[in-house]
**Q** 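This is the structure I have questions about; it appears just below.
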Amino acid sequence: MLLILAYLAYQAIQARRFRYKPYGSVSDPKTIRRLIQEAVDQRRPFEVQITSSSGRRRPTLRCSPHFLKQNVLVVEINGLNHLSQRWLERQVSVYFRVLHNKKFAYYTFPARIAAIHQEAQNICLIELPVPPVLENRQKRAFLRIKPPHDFILGSALW
């Protein structure tokens, strides 16, 4: 009995050393910067979804990537001429995708609006800090799965 308890205690100690990392999440800073830079280079839109204080999500702002600084991503908000300074430090969820080997990879990360700039008339830029972790998932709550070709004929007959 003592041997079993010692073994379970040893397993518990070993389990504490390793933090849970969700499948598909990216935590390497170089990889995160590379993925965001690829999205900027490919001119992929960034979708910024502002979260309200009650936890409800507001409409999504489509943004064009402007550039990636050392630790800051700068995006231009499409269709919005001006953004009030009271939006500073608001919690947002950012969604983007990158093309790899003719397939899209989807990523998301939480952030806070670090700065708001009015670069020129009718151009509003916001700064978002580069995240420590990227999650590999889409914005939608359901999963799109392509059926295998073997099942397509059967479903057509059905």
Side-chain angles (χ1 to χ4, degrees), residues 13-152:
I13 291 170
Q14 290 295 332
R16 280 191 215 158
R17 289 185 183 177
F18 300 104
R19 295 185 84 188
Y20 173 71
K21 183 178 146 190
Y23 176 76
S25 65
V26 180
S27 58
D28 179 41
K30 289 181 183 177
T31 306
I32 291 171
R33 285 192 50 78
R34 182 181 54 80
L35 288 170
I36 294 175
Q37 187 61 53
E38 283 181 22
V40 171
D41 293 343
Q42 294 175 11
R43 301 293 299 159
R44 299 287 171 203
F46 283 75
E47 295 184 7
V48 177
Q49 197 172 55
I50 299 172
T51 307
S52 68
S53 57
S54 64
R56 291 186 5 224
R57 292 197 167 137
R58 293 179 180 236
T60 302
L61 301 171
R62 286 190 53 91
C63 301
S64 300
H66 208 62
F67 59 87
L68 180 64
K69 287 184 190 177
Q70 182 65 25
N71 292 320
V72 176
L73 170 66
V74 180
V75 294
E76 176 186 342
I77 302 174
N78 298 335
L80 193 63
N81 300 337
H82 179 72
L83 190 63
S84 172
Q85 292 295 319
R86 67 186 179 120
W87 289 95
L88 279 174
E89 294 300 317
R90 281 280 176 106
Q91 183 71 34
V92 296
S93 296
V94 182
Y95 301 91
F96 69 98
R97 65 184 184 168
V98 179
L99 186 64
H100 287 294
N101 301 327
K102 298 182 182 179
K103 289 188 177 182
F104 284 109
Y106 297 87
Y107 296 98
T108 183
F109 62 92
R112 292 194 179 273
I113 298 176
I116 300 171
H117 302 290
Q118 191 76 28
E119 188 167 285
Q121 184 135 4
N122 300 333
I123 296 178
C124 183
L125 303 175
I126 59 171
E127 291 184 7
L128 303 168
V130 174
V133 175
L134 283 178
E135 292 180 45
N136 188 356
R137 68 178 177 89
Q138 295 186 34
K139 182 171 67 173
R140 60 180 60 88
F142 56 88
L143 181 62
R144 288 185 181 169
I145 299 174
K146 272 185 150 178
H149 290 291
D150 302 343
F151 295 143
I152 294 177

**Q** Assess the residue pair Y107 and V26 against the criterion (side-chain contact (heavy atoms from CB on, under 4.5 Å)); give the C-alpha distance rounded to whole Å, side-chain angles, the decisive distance to 0.1 Å, and a yes or no.
**A** CA-CA 9 Å; Y107 296 98; V26 180; 4.2 Å; yes
**Q** Under the side chain to side chain donor-acceptor pair (under 3.5 Å) rule, collect the residues that match up with R34, sequence neighbours excluded.
**A**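 Scan of R34 (side chain to side chain donor-acceptor pair (under 3.5 Å), adjacent residues dropped) gives E38.
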**Q** Nearest heavy-atom pair of V133 and S27: which atoms, and what distance?
**A**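 Heavy atoms of V133 and S27 come nearest at CG2-CB, 4.2 Å.
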**Q** Considering residues, nucleotides and ligands other than R86, do more than 12 of their heavy atoms fall under 6.0 Å from its CZ?
**A**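 No, CZ of R86 has 12 or fewer neighbouring heavy atoms, counting only those of other groups under 6.0 Å.
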**Q** Using every non-hydrogen atom in the two residues, find where S84 and I116 come nearest and quote the distance to one decimal.
**A**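 Looking at all heavy atoms of both residues, the closest pair is O-CD1, 3.3 Å.
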**Q** Are any non-hydrogen side-chain atoms of I113 and L128 less than 4.5 angstrom apart?
**A**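 Yes, their side chains come closer than 4.5 Å.
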**Q** Side chains of C63 and V94: does their closest heavy-atom pair fall under 4.5 Å?
**A**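 No, their side chains stay 4.5 Å or more apart.
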**Q** Can you tell if the side chain of I32 reaches within under 4.5 Å of the side chain of F109, non-hydrogen atoms only?
**A**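 They are not in contact (no side-chain heavy atoms under 4.5 Å apart), so the answer is no.
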**Q** Show, in sequence, the C-alpha distance, side-chain angles and deciding distance for E135 and S25, and conclude whether the side chain to side chain donor-acceptor pair (under 3.5 Å) test is met.
**A** CA-CA 4 Å; E135 292 180 45; S25 65; over 6 Å; no
**Q** Nearest 0.5 Å, what's the OG1-CG distance between T108 and L134?
**A**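 CG of L134 is found 8.5 Å from OG1 of T108.
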**Q** With the side chain counted from C-beta on, respond yes when V75 and H66 share a heavy-atom pair under 4.5 Å apart, and no when they do not.
**A**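 Of all side-chain heavy-atom pairs linking H66 with V75, none is under 4.5 Å.
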**Q** Just wondering, do V40 and L73 contact through their side chains at under 4.5 Å, heavy atoms?
**A**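 Yes; the side chains approach each other to less than 4.5 Å.
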**Q** Can you measure from CD (E76) to CG (L61) and round to the nearest 0.5 angstrom?
**A**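 That separation rounds to 12.5 Å.
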**Q** With a 4.5 Å limit on heavy-atom distance, are the side chains of P110 and Q91 in contact?
**A**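 Yes, close enough: below the 4.5 Å cut-off.
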**Q** Short question: side chain of R33, backbone of Q70 - any donor-acceptor pair under 3.5 Å?
**A**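 Confirmed, R33 side chain pairs with Q70 backbone.
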**Q** Got a sec, which residues hit side chain to side chain donor-acceptor pair (under 3.5 Å) with N71, two or more places apart in sequence or on another chain?
**A**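 Testing N71 for side chain to side chain donor-acceptor pair (under 3.5 Å), a comparison that skips the adjacent residues, returns none.
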**Q** Can you list the residues that meet the salt bridge (Lys or Arg N to Asp or Glu O under 4.0 Å) rule with R112, with sequence neighbours excluded?
**A**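 R112: no salt bridge (Lys or Arg N to Asp or Glu O under 4.0 Å) contacts found.
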**Q** Do the side chains of W87 and I126 get nearer than 4.5 Å, heavy atoms only?
**A**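 They are not in side-chain contact.
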